[in-house]
Amino acid sequence: MKVAIYTLGCKVNQYETQAMETLLKARGHHCVSPAEYVDAYVINTCTVTAVSDKKSRQAIRRARKEAPEAVIAVCGCYAQTDPEEVQRLGVDFVAGTSDRAGFVTRLEQLVQQRRDTPVVTVDDVMRRRVFETLPAGGLAGRTRAMLKVEDGCVNFCSYCIIPYARGPIRSLPLADVIEQAAAQATQGYREIVLTGIEISSWGAEWGGEHTIIDLVEAVCAAAPQCRIRLGSLEPRTVTEDFCRRAAACENLCAHFHLSLQSGCDATLRRMGRKYDTARYAKSVGLLRQYFPNPGVTTDLIVGFPGEREAEFQETLAFIRRCAFSAMHIFPYSRRTGTPAATMPEQQSNETKQRRARQAAAIAEEMQAAYLSGLTGQALPVLFEEKKAGLWRGHAPNYVEVYAAGEHLHNQVRQVFITAVQGTHLLGECIPDRGGQKCLGVV
């Protein structure tokens with residue numbers, strides 16, 4: 001078969017798409033561009049916001065238009081939570097967020113034996129108990145690979161639909177994590193990203209036998225020639241013990257994404273978050289105590305139901321206090337089936353957009369200040385691609401860096417930072433003297 005795959009959403013979706021590509025290639029099939037003739041067109045969907053749902057629907061309609069004779073197969077979170085709506089879009093195959101090997105097998109069958117009615121194989125997510133082990137790897141030509149170590153979430157924040165799309169916590173056993181990380185290192189990747197729906201919960205179903213910091217130490221040891229990067233962390237993960245042990249891992253990137261969502265305690269309680277601003281601030285303080293100038297990034301939801309103007313101003317003051325290196329800001333998205341969808345005092349779109357602009361302006365100021373503080377320093381940069389005549393890559397703190405050079409793809413080079421340009425840095429590669437160690441934290 002010739003199969004095109006279009007992916008929406010988070011790094012977990014990206015990882016699962018890579019796994020499906022690996023499964024397809026292992027069976028002799030070809031993964032191609034949607035612009036080519038295809039036998040099957042797969043859309044891996046996202047449902048984290050209403051905008052994500054809309055983009056998923058648009059992608060499905062576009063696939064049917066671009067490949068009218070192909071089997072149109074839809075999987076992922078949107079297909080899991082609203083399979084009926086997906087069926088109404090005229091697709092041939094609807095699957096959810098599990099059993100990727102079974103998905104590929106059924107796709108092969110449908111290409112050979114077309115059916116007049118759509119095939120639906122969406123399971124009950126709440127009955128899942130076993131982590132689905134997928135083939136490790138990454139996309140050809142990429143410098144970093146993702147390693148999915150956890151799936152599911154049981155936090156049930158009042159605004160979030162994802163627990164209903166992914167089910168309870170399931171973790172990849174530590175021995176398997178080590179084996180996959182070591183395998184990725186031998187494939188030439190220079191960076192491994194640990195990802196999952198809620199990686200801070202890794203191992204929770206085993207009663208605390210192992211925790212996320214055990215995982216971090218094991219992966220850093222299994223792939224010492226690779227930089228190790230963490231996905232989003234629950235703020236309470238960051239304790240003194242976590243920081244002390246993480247700082248001792250020489251190849252761990254000093255970039256920590258701590259989900260905030262609100263800087264107001266009353267709003268956090270309505271959201272069902274499990275921490276307050278004091279605990280969050282403690283986590284930020286610990287990271288800066290143990291890591292020199294780390295990248296600390298976050299997510300923020302504005303216009304949550306019941307968020308008064310004074311509460312929003314509390315949030316603005318709090319994010320200034322945290323001095324994030326970068327932020328993702330989202331207007332609250334009403335998700336049917338979540339407690340927040342029926343809460344009183346739903347905010348108008350105008351209010352949500354205005355608050356998003358205000359928060360974004362502060363985020364830009366903080367990012368500019370953080371970047372400015374990096375000028376005159378040397379940062380180890382993993383170069384990924386050539387863009388606009390310069391090589392583009394990321395430092396361990398996840399700051400984007402551009403520099404001139406030759407044949408820098410998949411190389412880690414020390415770069416002397418000379419200037420800030422918008423949301424990235426400009427620099428000059430320092431001549432490699434041989435044996436230079438460039439993997440460590442900033």
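The basis for the numbers below is simple: all heavy atoms, side chains too, and nothing from hydrogens, waters or symmetry mates.
Within 6.0 Å of the CZ atom in Arg279, the count of heavy atoms belonging to other residues, nucleotides or ligands exceeds 12. Surrounding CD of Glu385 are more than 12 heavy atoms belonging to other residues, nucleotides or ligands, all under 6.0 Å away. The 12-atom threshold is not exceeded at CD of Glu350, counting heavy atoms of other residues, nucleotides or ligands nearer than 6.0 Å.
Atom CD in Gln367 sits 10.5 Å away from atom OG1 in Thr297 (nearest 0.5 Å).
Asp39 is not listed as a side-chain neighbour of Val3, based on a closest heavy-atom distance of 4.5 Å or more. Between Tyr78 and Ser52 the shortest side-chain heavy-atom distance does not fall below 4.5 Å. Using a 4.5 Å heavy-atom cutoff, the side chains of Thr351 and Arg355 are in contact. Proximity of Leu134 to Gln18: side-chain heavy atoms (C-beta onward) are nowhere separated by under 4.5 Å. At least one side-chain heavy atom of Leu260 sits under 4.5 Å from a side-chain heavy atom of Phe318. The shortest distance between side-chain heavy atoms of Phe256 and Ser283 does not fall below 4.5 Å. In this structure, Val420 and Leu425 have side chains that are in contact, with non-hydrogen atoms separated by less than 4.5 Å. With contacts defined as side-chain heavy-atom distances shorter than 4.5 Å, the pair Leu23/Phe103 does not qualify.
Panel note: side chain Thr97, backbone Ala165; a donor-acceptor pair is recorded below 3.5 Å. Formation of a donor-acceptor pair under 3.5 Å by the Ser158 side chain with backbone atoms of Arg270 is found in this model. Counting only distance, with no hydrogens or angles, the side chain of Gln261 and the backbone of Thr267 share no donor-acceptor pair below 3.5 Å. Of the possible polar contacts, none joining the Asn155 side chain to the Cys157 backbone as a donor-acceptor pair under 3.5 Å is found. A donor-acceptor pair under 3.5 Å links the side-chain atoms of Asp214 to the main chain of Thr211, judged by distance alone. Gln347 places a side-chain N or O within 3.5 Å of a backbone atom of Glu345 that can act as its donor or acceptor partner. A side-chain donor-acceptor contact under 3.5 Å links Ser200 to the backbone of Glu234. When atom types are taken as modelled, the side chain of Asn251 and the backbone of Ala223 share a donor-acceptor pair closer than 3.5 angstrom. Counting only distance, with no hydrogens or angles, the side chain of Thr338 and the backbone of Ile161 share no donor-acceptor pair below 3.5 Å. Although no hydrogens or angles enter the test, the distance criterion places no donor-acceptor pair under 3.5 Å between the side chain of Asp151 and the main chain of Ile197.
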Decide side chain to side chain donor-acceptor pair (under 3.5 Å) for Thr7 and Thr17; before the verdict, give the C-alpha distance in whole Å, the side-chain angles of both, and the deciding distance to 0.1 Å.
-> CA-CA 7 Å; Thr7 308; Thr17 289; 2.7 Å; yes
Between Asn397 and Leu374, does a side chain to side chain contact (heavy atoms under 4.5 Å, CB included) hold up when you go through it step by step?
-> CA-CA 11 Å; Asn397 55 10; Leu374 296 173; 3.7 Å; yes
Step by step, work out the side chain to side chain contact (heavy atoms under 4.5 Å, CB included) result for Met20 and Asn44.
-> CA-CA 10 Å; Met20 286 190 285; Asn44 193 0; 3.9 Å; yes
Can you check side chain to side chain donor-acceptor pair (under 3.5 Å) on Glu309 and Gln313, steps first, answer last?
-> CA-CA 6 Å; Glu309 188 62 32; Gln313 293 302 321; 3.1 Å; yes
Apply side chain to side chain contact (heavy atoms under 4.5 Å, CB included) to the pair Cys46 and Lys55, showing each step before the final yes or no.
-> CA-CA 8 Å; Cys46 175; Lys55 288 182 178 179; over 6 Å; no
Please lay out, stage by stage, how Glu198 and Ile169 fare under the test side chain to side chain contact (heavy atoms under 4.5 Å, CB included).
-> CA-CA 8 Å; Glu198 218 274 296; Ile169 296 164; 5.5 Å; no
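Checked by atom type, the side-chain pair Thr47/Asp53 shows a donor-acceptor distance below 3.5 Å. Donor-acceptor pairing under 3.5 Å is recorded for the side chains of Gln358 and Arg354.
A side-chain hydrogen bond (donor to acceptor under 3.5 Å, both in side chains) with Tyr290 holds for exactly one of Arg244, Arg245, Glu240; it is Glu240. His394 pairs with exactly one of Glu384, Glu400, Arg229, Arg227 by the side-chain hydrogen bond (donor to acceptor under 3.5 Å, both in side chains) rule, that one being Glu384.
Taking the six-membered ring where the residue is Trp, Tyr402 and His424 present tilted rings, their angle falling between 30° and 60°. Below 30°, between 30° and 60°, or above 60°: for Tyr280 and Phe324 the angle between ring planes is above 60°, a perpendicular geometry. Between Trp391 and His409, the ring planes are tilted. Angles from 30° to 60° get that label. Note on ring orientation: taking the six-membered ring where Trp is involved, the planes of Tyr332 and Phe304 are perpendicular (angle over 60°, cut-offs 30° and 60°).
For Glu16 and Arg166, the salt-bridge test passes: some basic side-chain N is under 4.0 Å from an acidic carboxylate O.
The heavy-atom pair separating Pro331 from Lys352 by the smallest distance is CB-CB, 3.9 Å.
Contacts classified as ring-ring contact (aromatic ring centres under 6.0 Å, His included) and involving residues 222-255 (residues at least two apart or in different chains) are given here: His255-Tyr398.
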